[in-house]
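One structure below.
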Amino acid sequence: VLLQTLTSGLFLAAIYALAAFGLAIVYGVLDILNFAHGALLVLGAYLAFSFREGGAPLWLAAVLAVAAIALIGLVLQRLLFRRVEKEPVAGLVLSIGLIAIANSVILSAYGPDQYRLPRLLDGSLTIGDTQLPQDRLLIIAVAVTGLGLVELGIARAGWGKLLRATAEDDEAASLQGIPVARVKTIAFTAGAALAAVAGVLIATTTPFDAHLGENLLIKAFVIIIIGGVGSTKGALAGAGILGLAEAFSTTYLSTAIAQLVPLLVLAVVLLARPQGIFGRVTERT
Amino acid sequence: MVMKRIDSLPKAWWPVLLPATLFLLPLLSPTAQHFQWATTGALWGMWVLSLNIVWGYVGQLSLAQVALGAVGAYGFVILSTQHGLPLALAAFLGVGLAVVASLVLSAAALRLSGFYFTILTVTFALVIITVITNSDTAGRTTGLVVPRSALPSISLLGLEWPTASPLGGFYALAALMFVLLNAAAVLLARTSAGAGMFSVRDDPRLAVSVGINPLHVKSLAFVLSGFVAGVAGILHGLSYQLVVPELFALDQALVTVLLIVLAGRGSLYAPAIAGAVYVVIYQAAPIEGNYRGGLLGAFVVLIVLLVPGGIADGTQKAATTLLRWTRRGRPEAQPARQAPAQRTLARSHDEA
């Protein structure tokens, strides 16, 4: 049971990390609290479903869906979010408006029914007398290596430096000759693509409808607060804490309590360390 | 000169009278549908009023106002039907619970800045809804029935309004509550406490430096907005004769945010305009149900990009321009705008 709980905890953590990572990048670099992140995520899952209906194999449908969402992200940033760059609240309101639009599109195109994508792998791995579903293990592996590489890139690579410089202070960055506008567009596009990756992967493990976006969005918010808003490292740590805490409280306590666990964790973090685990103390208001 | 007159209009009784006249409209053509539209407008106007006090007046974007309404509504229903309290007492206690919950939020508002607070309100709302859906007393996801038969009659304009009746009577109750609460909020904006709220919103440091205590100002705003939310929640329950978690879910709070932005956050007209917009988009407009939310979202995107002040500010500016055109026969250069903080401080000096 311990091994099983650990696996499901790590699986939840992987899903949450995928969902929260893009949100953290977008907030860190563009200062936008993107409520539409969950909508992009669930739209990615729906698109993958549609591409598969159209005859594409699962991997191709997934790639197409991610590309389409990245393109939508690019257009949204260029067309809308860039115009309200100096007013974070306007960006937030725009993203709430986009949720309403996305929900209307989803409801009229797909209706309220639940959909799902086929599993990535069918078998399960038997260790001792516990069975661990292989597809979940694969998703954990994909998330850990994928996000690990991105995190390493942000910390070490040249493009990571550009990203961090822009996040730190975009005016100073632009004085150093960093193409700040382009970095921001790329960051938003990457955030959207990450949302779609998360959406597609989740859809292979569980049936989904339009509410999936909202539920994961709230979790992702909690995670980035726990980790420190705008810190990708914090998002990973927060996702790990939340996923494991939820899995263990589901197994050893009850589902009702497990629903409240993220909020308890959040309350503790806010009281003890309001800036989050990896957050910096800033005077931002 | 003209500029000044237009700017001082909100100081007059317009923000109180305009919504009051709006609610008289159904009497011109008293059909069940028109009464229902007016009721819905009043109910959503109250959600927006509650948000306007915390976000528009003191600048704290809270997504928990609708959940505070749930506290009031569930408190009212549980106390009246399961504990046999008289309706008025149950309503009073329900609203009191919402006010207490709102004060808890205000403690957080002082500790957290900007988006941190907003995210906290999202999770606060989620806690409330999670507790409700896991509690047998609160009817889990199926909700609780709210009997309307015990409601009293109101004598108004020489007529008896049986508020238990969905036709007319309940409309009168909802409209009356909205007009009263809206008038209270308009009055508040004109007191020195209201001026203090605006200055805390526009420039907290400057506000402190002239002796305004953000703690007092914000707590007052949260108490009042919790009060309005509690009343709105109870009336929502009475209107549907049922309280269910979906009535108070996060997407309702998001709609409230969209409405207030469209109407003009911080404007004293915002609640009335927002109520009217809600009725038009969600009930009166002849479009398919799925598209209504998207239509509201699209309007908000356009407003944010084109008219950041919303309908209220846009109309006022258009009226100013129009007046200047008619008076002078030609447009003149726009006078330089004062910084917002200076403007509010000037206002508070005027009134002191």
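Computed from a predicted model, the values in this text were never measured in an experiment. Order of the sequence lines sets the chain letters (A, B, ...), proteins ahead of strands, with each chain counted from 1.
Of the residues considered (A:Val89, A:Leu94, A:Val105), A:Leu94 shows the highest number of contacts with chain B, using heavy-atom pairs under 4.5 Å. Ranked by heavy-atom pairs shorter than 4.5 Å toward chain A, the options B:Val255, B:Val131, B:Leu305 are led by B:Leu305. The candidate from B:Val304, B:Ile303, B:Val300 with the greatest count of non-hydrogen atom pairs under 4.5 Å with chain A is B:Val304. When each of B:Leu296, B:Val257, B:Thr123, B:Leu295 is checked for heavy-atom pairs under 4.5 Å with chain A, B:Thr123 comes out on top. Chain B forms more heavy-atom pairs under 4.5 Å with one residue of A:Leu107, A:Leu217, A:Ile106 than with any other, namely A:Leu107.
In this structure, B:Lys218 and B:Val200 have side chains that are in contact, with non-hydrogen atoms separated by less than 4.5 Å. In this structure, B:Trp44 and B:Val277 have side chains that are not in contact, with every pair of non-hydrogen atoms separated by 4.5 Å or more. Two residues are said to be in side-chain contact when any heavy atoms from C-beta on lie closer than 4.5 Å; B:Leu250 and B:Leu126 fail this criterion. The side-chain heavy atoms of A:Leu98 and A:Leu80, taken from C-beta on, include a pair separated by under 4.5 Å. For the pair A:Ser50/A:Tyr110, a side-chain contact is recorded, criterion being any heavy-atom separation below 4.5 Å from C-beta on.
Heavy-atom distances place both the backbone and the side chain of B:Val301 under 4.5 Å from chain A. Interface remark: B:Leu61 contributes side-chain atoms only to the contact with chain A (heavy atom separation under 4.5 Å). Using a 4.5 Å cut-off between heavy atoms, B:Leu254 touches chain A through backbone and side chain atoms alike. At a 4.5 Å heavy-atom cutoff, the contact between B:Val127 and chain A is made by backbone and side-chain atoms alike. Only the side chain of A:Val84 comes within contact range of chain B, with at least one heavy atom under 4.5 Å from a heavy atom of that chain. Using a 4.5 Å cut-off between heavy atoms, B:Thr130 contacts chain A through its side chain alone, with no backbone atom that close.
Side-chain atoms of B:Arg265 do not come within 3.5 Å of backbone N or O of B:Ile260 as any donor-acceptor pair.
The neighbour count for B:Phe299 CZ, taken as heavy atoms of other residues, nucleotides or ligands under 6.0 Å away, does not exceed 12. Heavy atoms of other residues, nucleotides or ligands lying less than 6.0 angstrom from CZ of A:Phe248 number more than 12.
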